[in-house]
Amino acid sequence: MVQAIRLFLEGGEEVDAGLSDLVATRVGRLPKPALRLLQITTAMGHTAPISMVREIFDDETDWRDALKLLVRRGYLMPSNLDELCIAHP
């Protein structure tokens, strides 16, 4: 239900889909920098050191915007001062 609401708030209309379809649709709507940041972070596991993610991402401007978007949309959340945590549906 949470994923359907998030998709609707992001401008989507596919609310009868299953959970995996909803998540895939939401991820597919991400801008490229945000998608890249999400891919880098999820490849590291449930939590990822911010310093390592930033080093791999390597673009300070896109980093900030992508991180803000992913946190605002509920994909990532800071778990402490130096780690990002994947927010699972």
Side-chain angles (χ1 to χ4, degrees):
M1 183 61 133
V2 171
Q3 294 299 320
I5 292 169
R6 286 181 176 161
L7 177 62
F8 179 74
L9 292 173
E10 294 167 7
E13 298 174 7
E14 300 88 352
V15 292
D16 326 352
L19 178 60
S20 61
D21 294 330
L22 291 170
V23 173
T25 299
R26 289 185 64 227
V27 169
R29 293 171 174 253
L30 289 172
K32 286 184 182 182
L35 178 58
R36 183 165 179 258
L37 177 58
L38 185 60
Q39 290 169 331
I40 291 167
T41 306
T42 57
M44 294 183 185
H46 183 68
T47 59
I50 291 174
S51 60
M52 186 178 282
V53 174
R54 284 178 80 171
E55 185 177 327
I56 294 169
F57 193 79
D58 196 39
D59 184 325
E60 192 63 30
T61 303
D62 282 347
W63 155 263
R64 288 186 184 130
D65 293 341
L67 181 59
K68 287 178 190 175
L69 179 69
L70 292 173
V71 169
R72 187 173 60 246
R73 291 195 181 175
Y75 290 99
L76 299 177
M77 53 190 180
S79 65
N80 61 42
L81 294 177
D82 61 350
E83 288 184 329
L84 293 172
C85 182
I86 305 301
H88 290 282

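The shown structure was predicted, so the numbers you read here are calculated from the model rather than taken from an experiment.
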Can you find a pair of side-chain heavy atoms, one from Pro33 and one from Asp65, that are under 4.5 Å apart? no
Do Trp63 and Val53 have side chains that approach each other closer than 4.5 Å (heavy atoms only, starting at C-beta)? yes
In the single-linkage hydrophobic clustering (I, L, V, M, F, W, Y; side-chain heavy atoms under 4.5 Å), do Val27 and Met44 co-cluster? yes
Using every non-hydrogen atom in the two residues, find where Ala66 and Phe57 come nearest and quote the distance to one decimal. CB-CZ, 4.5 Å
Any chance you could measure Ile50, atom CD1, to Leu67, atom CG, to the nearest 0.5 Å? 7.0 Å
What is the minimum heavy-atom distance between Ala87 and Gly74, and which atoms define it? CB-O, 3.2 Å
According to the side-chain hydrogen bond (donor to acceptor under 3.5 Å, both in side chains) rule, which pairs have a member within residues 33-45, sequence neighbours left out? none
Treat each ILVMFWY residue as a node, draw an edge where side-chain heavy atoms are under 4.5 Å apart, and state whether Leu30 and Val71 are in one component. yes
Looking at every heavy atom in both Ile86 and Gly45, which two are closest together, and how far apart are they? CG1-O, 3.5 Å
Per the salt bridge (charged side-chain N to carboxylate O under 4.0 Å, His left out) rule, what does the pair list look like for residues 42-60, sequence neighbours excluded? Arg54-Glu60, Glu60-Arg64
Does a side-chain heavy-atom distance below 4.5 Å link Leu84 with Thr47? no
